[in-house]
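Some notes on the structure that comes next.
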Amino acid sequence: MHVLLPDDTRLELPEGATGADAAAAIGAGLARAALAVKVDGVERDLVAPLHDGARLEIVTPSSPDALDLLRHDTAHVLAAAVIDLYPEVRISIGPPIENGFYYDFEFPPGVTISDADFDRIEAKMREHVKADEHFRREDVTVAAALERFREQEQPYKVELIEDLVKNAPADDPVETVSLYTNGPFTDLCRGPHGPGTKRIRAFKLQSVAGAYWRGDATRTMLTRIYGTAFFSRDDLKAYLEQVEEARARDHRRLGRELELFQFSPVAPGSAFWLPNGTIVYNLLVELAREMNRPRGYTEVRTPMLYDSELWRTSGHWDKYRENMFISHVEDRDMALKPMNCPGHAHLYSLQRHSYRDLPVRYAEPGPLHRYEPSGTLHGLLRVRQFVQDDAHIFCREDQIQDEVNGCLELVFATLRRFGFEIDVELSTRPEQRIGSGELWDRAEGALIEALEGQEIAYRVNPGDGAFYGPKIDFHVTDSLGRSWQLGTVQLDYNMPERFGLVYTGADNAEHTPVMIHRAAFGSFERFIGILIEHYAGEFPLWLAPVQATLLPISDRHVPYANEIAATLRDEGVRVDVDERTESIGRKIRDAELRKVHYMLVVGDREQETGSVGLRQHREGDLGSLTVGGFAERVRDEIEQRSA
RNA sequence: GCCGGAGUAGCUCAGCUGGUAGAGCACCUGUCUUGUAAACAGGGGGUCAGGGGUUCGAGUCCCCUCUCCGGCUCCA
């Protein structure tokens, strides 16, 4: 028989040859490196027999999916080690994930695992690795597998098999399942696996966490152990260093170090913005206003606290009440707004509107409150009080196209400034929805037309739209390669209906407007959290709380420093003066640690010539410059407002 | 909210199996008057998250509450 290799060469092999045989036939080095094979594009074990004419690809450590395979192997080794240590443990699933793998266990009552146990577990794992246990596959009948796992009192495995059978398509019923065994440990597993545990050279257990069985909050909480694995110790080390780098950029840490914001137990989930952070915050709010103004938005201010009647009208009382702060006063239920849309819809209804007035575009950078469960709070990225840069557009059907186009343009213009890569996702009609199919066709069509009209590449996320309409989401990738959902544009036929919104048409009849919800930053809180990590705390000049700091050589130069500071402030530069009685070396060091862009050293020389000694963050000494020259340079740089 | 972990000076942390709280940085004072990443000396500062319990004695052991951290569910 023969197989075809990726470069289309034909490889003759004896009947019944395996992937390992094929690798050996190609070369000894490849045979040693081989982990698995891809037969006609499907991953298989190295020891699986090949069929005549198969397209064959040998999976080695340099193959794209090889790390997943290795990590899956490692997850099995973890389970084997845990069973060694806790024979009573119940096992569930253990897949590879983005940067490693996990395995979920149910430990016997009273047993808890913490990272203090990792040494013991890792030592056990190393025994399995050292033994170079081979991964052996067997295909058994469903009945045999069920019996086996029932006997071993592994209810999660039993449930998995039962569901496999239940969920199989009628024309392709599941009759057998595959089991993989390494050493004493057998697991239900689709495979494939590498040849043996010896390939697991560099692994590390990382953390332990609770995880609901099957991600369902009503079911058992299992103990999840996270780990990672690489083909070489160097790769593992590099990865751990990268994790360390991300930790150093943690916005919660930088927020405190740079005196941007703090949190306090007296207001969980709500930031206290310090003066430096407030500067950044206000600059972003101002940017949002500047984006809105020329695009026909008007700013409005609506109440924070509303009678429950409003929330019943909007549907929030049914669908969103658990996320709202509610208080009972004078026999009425009042709730803080978690979103602006109902207030804006109500505001629209307070006035009469003619078709000539539309579109009406309301923006409101005001605080929102959402009751987020305590366990979900996370620095600025998940808070209970925040401000969205959202706006609501009320328009006629025939205006949707232009308005959506305008929103797309605005979101891109806003986010691009920060040096993010932007991915666009279109979410279409969900199972649970309101409105006719025809309405959805129109709404989705309008979004698609806008995206394609502007030649924006997008991914479709079928069924993930809001119940009232389809949406376009904007995801950005930060400097650490992490993805965040920020902006959104949503079409809404529902809210205007519920609020009975109307406009008078050219035909003198009343018509229902369409509502568009849109935001570019999402929330300022989350956006600043992301920005801090994206820039590692080194904001671009236009956003930096302190743009320049005056460093007098000695006390007698302080008056001159203050004089220059006053001049620069007049020019709109944010500047401070280090008046401490400290050495210049010390002042420079502290300014560098504060990540201040420009350090202006002033001593006798500068005072005599009316200049400043310019030093730039990370760049070092740039020589001397006149005060006017520096002011001009900084002003230009600030005006560009670029990342 | 759920599971696990943690909470000691403003920050980072030490404090062995219970025996009366410590370091570095920061802060304050004094001396030095500094030329491109840390001058020197002295000093103040803690109901050991809060409450209850065990004990002759609790930062240390037990229980409850709060907050934070890592996840899960959820989410801008």
Side-chain angles (χ1 to χ4, degrees), chain A residues 97 102 104-107 111-117 206-226 247 250 252-253 256-257 259 262-269 320 322-323 338-340 368 370-390 473-474 484-488 517 519-530 551-558 580-594 599-606 613-624:
Chain A
I97 52 174
Y102 66 80
D104 284 349
F105 303 95
E106 185 187 359
F107 284 91
V111 177
T112 56
I113 297 296
S114 77
D115 49 12
D117 298 299
Q206 292 177 293
S207 61
V208 57
Y212 299 111
W213 168 234
R214 307 209 127 175
D216 183 340
T218 64
R219 306 203 59 181
T220 318
M221 177 66 77
L222 304 174
T223 302
R224 175 171 296 179
I225 298 177
Y226 283 94
R247 217 173 68 86
D250 191 308
R252 292 165 297 187
R253 175 197 184 127
R256 193 180 51 237
E257 286 174 2
E259 300 185 358
Q262 296 253 238
F263 284 91
S264 162
V266 298
Y320 207 74
E322 309 78 61
N323 283 292
M339 298 180 191
N340 282 315
L368 305 175
R370 293 186 190 172
Y371 168 69
E372 300 288 351
S374 56
T376 64
L377 301 176
H378 183 93
L380 291 178
L381 302 181
R382 190 78 182 275
V383 290
R384 285 179 175 164
Q385 185 196 313
F386 56 98
V387 176
Q388 284 187 324
D389 71 318
D390 67 348
D473 290 326
F474 300 84
W484 305 92
Q485 199 227 292
L486 296 176
T488 185
H517 310 238
F521 292 126
S523 81
F524 292 104
E525 279 74 4
R526 181 176 283 182
F527 190 77
I528 292 173
I530 293 165
L551 308 180
I553 293 283
S554 79
D555 289 352
R556 69 174 181 278
H557 305 113
V558 168
R580 293 175 304 165
T581 306
E582 285 289 353
S583 68
I584 191 66
R586 175 54 177 274
K587 291 176 184 177
I588 286 170
R589 178 183 150 81
D590 288 346
E592 289 282 354
L593 292 176
R594 287 197 296 151
M599 286 150 272
L600 307 176
V601 177
V602 291
D604 291 335
R605 286 205 301 267
E606 289 75 15
L614 182 61
R615 181 190 166 96
Q616 193 175 345
H617 178 54
R618 285 181 180 278
E619 302 294 320
D621 194 351
L622 298 181
S624 73

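Sequence lines set the chain letters: A, B, ... in the order given, protein chains first and strands last, and positions in each chain run from 1.
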Report which part of the nucleic acid [X] touches: base, sugar-phosphate, or nothing (heavy-atom distance under 4.0 Å, all strands).
X      : answer
A:Q388 : sugar-phosphate
A:P373 : base
A:F263 : nothing
A:I113 : sugar-phosphate
A:S264 : nothing
A:G215 : sugar-phosphate
A:N323 : nothing
A:R556 : sugar-phosphate
A:E582 : base
A:I584 : sugar-phosphate
A:G585 : sugar-phosphate
A:R224 : sugar-phosphate
A:G522 : sugar-phosphate

Roughly how far apart, to the nearest Å, are [N] and [M] at atom [atom1]?
N      : M      : atom1 : value
B:rA9  : B:rA23 : P     : 14 Å
B:rC16 : B:rC28 : P     : 33 Å
B:rA6  : B:rA49 : P     : 13 Å
B:rC25 : B:rA41 : P     : 10 Å
B:rG1  : B:rU20 : P     : 39 Å
B:rC61 : B:rU55 : C1'   : 10 Å
B:rC48 : B:rU8  : P     : 12 Å
B:rC3  : B:rU73 : C1'   : 12 Å

Count the heavy atoms of every other residue, nucleotide or ligand shown that sit under 6.0 Å from CZ of A:R247, and state whether that count exceeds 12.
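Atom CZ in A:R247 is not crowded, with 12 or fewer foreign heavy atoms closer than 6.0 Å.
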Smallest separation among heavy atoms of [X] and [Y], with atom names:
X      : Y      : result
A:E372 : A:N323 : OE1-OD1, 4.2 Å
A:F105 : A:I225 : CE1-CD1, 3.9 Å
A:A211 : A:D104 : CB-OD2, 4.1 Å

Can you list the stems that RNA chain B is part of, where a stem is at least 3 pairs in a row, each Watson-Crick or G-U, with both distances below 3.5 Å?
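Stems (3+ consecutive pairs) listed as B:1-7 with B:66-72, B:10-13 with B:22-25, B:27-31 with B:39-43, B:49-53 with B:61-65.
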For chain A and RNA chain B, what are the first and last nucleotides along the strand, 5' to 3', with at least one atom under 4.0 angstrom from a heavy atom of the protein chain?
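First-to-last contact on RNA chain B, by the 4.0 Å heavy-atom rule, is B:rG1 to B:rA76.
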Could you pull out all residues at least two apart from A:R384 that satisfy salt bridge (Lys or Arg N to Asp or Glu O under 4.0 Å)?
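If we apply the salt bridge (Lys or Arg N to Asp or Glu O under 4.0 Å) test to A:R384, skipping adjacent residues, there are no hits.
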Does A:R615 pair with A:E592 as a salt bridge, N-O distance under 4.0 Å?
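Counted as a salt bridge, because a side-chain N and a carboxylate O are separated by less than 4.0 Å.
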